[in-house]
Amino acid sequence: LTRKPRRYCNINENRINAVKDLKNKLKKPAKDITKIDFINNGLSSLLDKYNGSYKKAIIEAGFRPIMSNKEKKILRNKRINEEVTKTSFL
């Protein structure tokens with residue numbers, strides 16, 4: 001990635017474009033991009049805008065949320081519980 005001017009990451013659109021450019025450069029699915037990828041490509045200051053969370057940067061750029069297996073299991077169980085609650089009152 002080319003070097004960006006100071007305060008480039010202060011603008012939301014620039015941050016989104018930087019993440020999209022990184023994804024295109026790496027030729028990886030968004031879910032496979034890591035914090036190290038951001039750092040190795042000069043985007044560590046971008047991560048500062050997300051309190052160090054590369055996942056938040058990826059999500060804000062419009063890519064699917066990245067969830068750990070534990071998070072997926074919690075979400076699945078929540079959906080099941082909601083469905084049981086809906087059907088038990090019918």
Side-chain angles (χ1 to χ4, degrees):
L1 298 173
T2 59
R3 185 153 176 86
K4 304 297 182 193
R6 284 183 184 254
R7 299 189 229 334
Y8 179 82
C9 290
N10 288 349
I11 299 169
N12 189 43
E13 185 178 336
N14 291 345
R15 290 193 304 267
I16 289 169
N17 288 335
V19 174
K20 289 179 178 180
D21 289 346
L22 175 65
K23 181 185 175 301
N24 291 335
K25 177 187 176 191
L26 298 176
K27 295 178 176 38
K28 288 182 173 183
K31 67 181 182 70
D32 294 338
I33 296 174
T34 66
K35 188 172 190 171
I36 299 299
D37 291 325
F38 279 85
I39 294 167
N40 288 344
N41 287 281
L43 294 175
S44 58
S45 63
L46 182 142
L47 294 179
D48 293 341
K49 299 294 177 185
Y50 302 97
N51 296 321
S53 172
Y54 71 95
K55 290 181 178 184
K56 287 181 183 177
I58 291 170
I59 290 168
E60 185 179 67
F63 299 107
R64 287 183 42 207
I66 305 156
M67 291 188 276
S68 67
N69 288 335
K70 182 178 180 181
E71 291 169 323
K72 288 177 187 176
K73 185 176 180 180
I74 291 169
L75 183 60
R76 192 176 321 113
N77 288 340
K78 181 179 177 186
R79 287 181 183 153
I80 291 169
N81 288 339
E82 287 172 356
E83 286 301 314
V84 168
T85 303
K86 286 179 188 176
T87 56
S88 21
F89 290 107
L90 295 178

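No hydrogens, no waters, no symmetry mates; every other heavy atom, side chains included, goes into these values.
- Closest of all the heavy-atom pairs between Ser44 and Ile39 is CB-CG1, 4.2 Å.
- The distance from the CG atom of Asn17 to the CD1 atom of Ile11 is 10.5 Å, given to the nearest 0.5 Å.
- Lys35 pairs by the salt bridge (Lys or Arg N to Asp or Glu O under 4.0 Å) definition with nothing, not counting sequence neighbours.
- Residues Lys20 and Phe63 form a side-chain contact, since some pair of their non-hydrogen atoms from C-beta on lies under 4.5 Å apart.
- Rounded to the nearest 0.5 Å, atoms CZ (Phe38) and OG (Ser53) are 9.0 Å apart.
- Residues Tyr54 and Leu46 fail the side-chain proximity criterion, which asks for heavy atoms closer than 4.5 Å.
- To the nearest 0.5 Å, the span separating CG on Leu22 from CD1 on Ile33 amounts to 5.0 Å.
- Take Arg7 and apply the side chain to side chain contact (heavy atoms under 4.5 Å, CB included) test, not counting sequence neighbours, and it matches Asn10.
- Looking at residues two or more places apart in sequence or on another chain, you find a side chain to side chain contact (heavy atoms under 4.5 Å, CB included) between Asn12 and Arg15, Ile16, Glu60.
- Counting heavy atoms of neighbouring residues, nucleotides and ligands inside a 6.0 Å radius, atom NZ of Lys56 does not exceed 12 of them.
- Remark: Lys70 engages Ser68, Ile74 in a side chain to side chain contact (heavy atoms under 4.5 Å, CB included) (not counting sequence neighbours).
- Residue pairs meeting the salt bridge (Lys or Arg N to Asp or Glu O under 4.0 Å) criterion with at least one partner in residues 39-51, sequence neighbours excluded, are absent.
- Each salt bridge (Lys or Arg N to Asp or Glu O under 4.0 Å) pair with one or both residues in residues 37-46, not counting sequence neighbours, appears once here: Lys28-Asp37.
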